[in-house]
Amino acid sequence: MSTANTPVSNFIRTIIDADLASGKHSSIVTRFPPEPNGYLHVGHAKSICLNFGLAVDYQGKCNLRFDDTNPEKESFEYAQSIQEDVRWLGFQWDGEVRWASDYFEELYAFAVELIQKGLAYVDDLTPEEMREYRGTLTEPGKNSPYRDRSIDENLDLFGRMRAGEFADGARVLRAKIDMASSNINMRDPVIYRIRRAHHIRTGDAWCIYPMYDYTHCISDALEAITHSICTLEFEDHRPLYDWVLDNVSVACHPRQYEFSRLELHYTITSKRKLLQLVNEKKVSGWDDPRMPTIQGMRRRGYTASGLREFARRIGVSKSENSVDMAIMEGAIREDLEPRAPRVMAIINPLKVTISNFEGAEAREADFHPNLPELGKRAVPFGRELYIEADDFAEVPPAGWKRLTLGGEVRLRHSYVMRCDEAVKDSSGNVVELKCSIDHATLGKNPEGRKVKGVIHFLSCEHALPAEIRLYDRLFTVARPDADRDVDFSNYLNPDSLKVVQGWVEASVKESAPETHYQFERLGYFCTDRRDHKPGSLVFNRTVTLKDSWTREQA
RNA sequence: UGGGGAGUCGCCAAGUGGUAAGGCAACGGGUUUUGAUCCCGUCAUUCGUAGGUUCGAUCCCUACCUCCUCAGCCA
């Protein structure tokens, strides 16, 4: 993994390199600016890795700033979860957490300044009227009848807005720019509205709240952000970002750059739709392991470094993209491969009775084939074993390397075993196997013949019962929200979760929540963060192993 | 039919006037008591289309096509 820390070139790094080379900046300051109105998802993870990652690579700083200007939708629960997610991903913001609400007083003063310059006015139009006056994409808007109020009147009215003299929504403060602009964002955008809502930090101190476009640029300037990075949909807000900073007396004028947001195959990255899944109980919550939220991915067993590697692999650009889930899975597997201890577990047991069990011994086995430092554990043997039902076939397909009637197979870390008889129930299903082992094959190959297959197994006597949750993609199609006419929930995968009662080897008995393992030949699994306890083992399947056999069969 | 963006391999993505990086996936081979890992090899005469400038263009110019995005007192 020599590439893991090698930065990948992208247009933002190119800009930063140029800014540093020209002396425009001597160091950089970025920021991650979430609104605390929901949980962070994989798209935010990309943004976090970008903003914090740049700060790390360029030895600059990155702030965490909450865009808390819409009190009706925001909560501390979300703010706390967001901080936890950023830290879990391995990043630390510069100084204290910042809040846009910290700047409310300054924001207000700058609004007064705009009014004094004749660049903002109080408007009494109703929302419906304002929409009519705004024009359309192809027709210019027209001026509000209140647009030419005197500076004194505007000052008075704005002061009274703050003082709470007017009802919610009765008036707004608007920037006076150009109602005929071809950019609708410049048609006198609202910058303050009246809303008597309890704010998570300022409580009831304010009944007017600044809008995003007005707040964000000034917040960036107050924090001396050098590169303000956001997603593509804010591209046409940039003229407004610049207009505000050009007309207000802040010393600093950060530059905004936009990159394309992440789309991931077989999932969705819309806060609204994610919320819908939670509200409609399509998933168990924000941290359901099928959710592309940071909390969900974490609970599933995705690792912070794996997610960072994923972000590195997908890069940053301005083009629309829909990333293959294989890139995520590849990054997670690569991260887990060199550190997850190998253990054996049986998901779908088929009982095996060993006829010549007498004298069979346990054997010590490494927890990792290439990392002896991870230690060893005993692999016990017994008269009765469990093997994976899928590992036996009475009528094997071509290329079969596993167990079949009369055939031999290596039991992982143990003996070579032959199947002598398949016991069936009345409907003809194989319910048990009678097998025998070659006592001379413990830790060595049999003489005179080759056994190509290896299957995992558990000694019934020693195995521990466990709940195993098998997760699959949340949706049945790669782009569930691509079709505007079909609701994305129609594409929910009914088989995205299968809970089975399986068996695991005793060495995992005392494992803590969030412990990663590779169940040999099955995949990477993680003890559940919430439900796993010693004595009540719960494993989540993080991702399967690459499987060229199943692929070949398909 | 207004404004703002984007079109480079199946999926991401560098590059930029000098003759197409890399990753993922895929495919072929080797090692292997995980059909895993690991190792080796293959994988764009071509950069949305059509013209033009040039000794030379994915990079410059012109026209066109396709897709995304904007009409919240959300962010």
Side-chain angles (χ1 to χ4, degrees), chain A residues 3 6 8-11 14 33-35 37 67 69-70 72-73 123 125-127 130-131 134-141 168-174 181-187 189-195 209 211-213 215-216 230 232-239 258 260 262 265 271 310 312-331 333-334 337-338 342 344 365 368-370 399-402 409-416 441 443-445 451-456 478 518-523 544-552:
Chain A
T3 54
T6 310
V8 176
S9 175
N10 62 53
F11 74 100
T14 302
E35 183 187 12
N37 71 341
D67 249 327
T69 56
N70 186 4
E72 289 171 312
K73 291 185 176 172
D123 198 349
L125 252 29
T126 65
M130 204 175 290
R131 196 182 320 124
R134 187 149 39 225
T136 69
L137 295 179
T138 50
E139 300 157 29
D168 283 10
R171 294 184 218 260
V172 294
L173 184 71
R174 292 229 254 170
S181 173
S182 52
N183 180 347
I184 291 181
N185 294 119
M186 299 298 270
R187 318 240 260 231
V190 170
I191 59 177
Y192 266 93
R193 76 280 212 185
I194 304 173
R195 193 111 318 164
Y209 291 96
M211 299 288 289
Y212 165 84
D213 284 310
T215 308
H216 200 85
C230 62
L232 247 31
E233 63 269 29
F234 293 101
E235 212 153 15
D236 27 342
H237 292 238
R238 190 177 349 121
E258 311 85 11
S260 54
L262 166 70
H265 283 355
K271 253 190 203 178
F310 168 71
R312 199 186 67 82
R313 290 181 183 187
I314 60 173
V316 177
S317 74
K318 297 190 67 143
S319 42
E320 306 292 325
N321 60 81
S322 195
V323 174
D324 218 307
M325 193 55 103
I327 297 182
M328 173 66 87
E329 295 185 339
R333 287 192 189 106
E334 181 176 300
E337 203 285 330
R342 271 59 167 168
M344 291 197 274
H368 191 111
N370 309 314
W400 183 256
K401 285 161 64 173
R402 284 116 93 147
V409 81
R410 163 71 67 179
L411 293 175
R412 177 71 165 151
H413 298 308
S414 193
Y415 298 92
V416 166
T441 57
K444 49 181 178 277
N445 287 128
V451 176
K452 49 185 185 305
V454 181
I455 66 171
H456 58 282
Q518 184 196 101
F519 286 176
E520 292 211 42
R521 304 207 309 130
L522 296 175
T544 59
L545 255 30
K546 263 213 281 194
D547 180 3
S548 57
W549 167 246
T550 305
R551 199 194 312 136
E552 189 182 310

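Letters A, B, ... mirror the listed sequences (proteins, then strands); counts begin at 1. Everything quoted here is computed from the prediction, not taken from an experiment.
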Give a yes/no answer on whether the side chain of [X] brings an N or O atom under 4.0 Å of OP1 or OP2 in [N].
{"X": "A:Ser322", "N": "B:C12", "value": "no"}
{"X": "A:Arg333", "N": "B:U34", "value": "no"}
{"X": "A:Arg193", "N": "B:C74", "value": "yes"}
{"X": "A:Thr136", "N": "B:A71", "value": "no"}
{"X": "A:Lys318", "N": "B:G4", "value": "no"}
{"X": "A:Thr14", "N": "B:G15", "value": "yes"}

Pair of N/O donor and acceptor under 3.5 Å linking [N] base with [X] side chain:
{"X": "A:Arg412", "N": "B:U33", "answer": "no"}
{"X": "A:Arg410", "N": "B:U33", "answer": "yes"}
{"X": "A:Asp547", "N": "B:G35", "answer": "no"}
{"X": "A:Arg195", "N": "B:C73", "answer": "yes"}

query: If you measure from the Lys or Arg side-chain nitrogens to the Asp or Glu carboxylate oxygens, is any gap between A:Glu35 and A:Lys73 under 4.0 Å?
result: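 Salt bridge between A:Glu35 and A:Lys73, a charged N being under 4.0 Å from a carboxylate O: no.
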Using the side-chain heavy atoms of [X], tell me which of these nucleotides is nearest: [options].
{"X": "A:Val454", "options": "B:G5, B:G35, B:G23", "answer": "B:G35"}
{"X": "A:Arg342", "options": "B:A75, B:A36, B:G35", "answer": "B:A36"}
{"X": "A:Leu137", "options": "B:G23, B:G2, B:U34", "answer": "B:G2"}
{"X": "A:Lys546", "options": "B:G10, B:A36, B:A75", "answer": "B:A36"}
{"X": "A:Thr138", "options": "B:G2, B:C73, B:U34", "answer": "B:G2"}
{"X": "A:Arg551", "options": "B:A71, B:U34, B:A26", "answer": "B:A26"}
{"X": "A:Glu337", "options": "B:C73, B:U37, B:A75", "answer": "B:U37"}
{"X": "A:Val190", "options": "B:C73, B:A75, B:C24", "answer": "B:C73"}

Would you classify [X] as touching base, sugar-phosphate or nothing, given that sugar-phosphate means primed atoms plus P, OP1 and OP2, and contacts are heavy atoms under 4.0 Å?
{"X": "A:Val451", "result": "nothing"}
{"X": "A:Arg131", "result": "sugar-phosphate"}
{"X": "A:Thr69", "result": "sugar-phosphate"}

field: Pair partner, B:A57 [Watson-Crick or wobble, under 3.5 Å]
entry: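 Partner of B:A57: none.
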query: For B:C64, which nucleotide in any strand shown is its Watson-Crick or wobble partner with both distances under 3.5 Å?
result: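 Its partner is B:G48 (Watson-Crick or G-U wobble, both distances under 3.5 Å).
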Write down the distance separating the [atom1] atoms in [N] and [M], rounded off to the nearest Å.
{"N": "B:A75", "M": "B:G17", "atom1": "C1'", "value": "43 Å"}
{"N": "B:C12", "M": "B:A25", "atom1": "P", "value": "15 Å"}
{"N": "B:G35", "M": "B:C68", "atom1": "P", "value": "45 Å"}

- prompt: Should the pair A:Tyr212 and A:Phe234 be assigned to parallel (<30°), tilted (30 to 60°) or perpendicular (>60°) ring geometry?
  reply: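 The rings of A:Tyr212 and A:Phe234 sit tilted, inter-plane angle from 30° to 60°.
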task: I would like to know whether A:Ile184 and A:Leu137 meet side chain to side chain contact (heavy atoms under 4.5 Å, CB included); could you show each step before the answer?
output: CA-CA 7 Å; A:Ile184 291 181; A:Leu137 295 179; 3.4 Å; yes
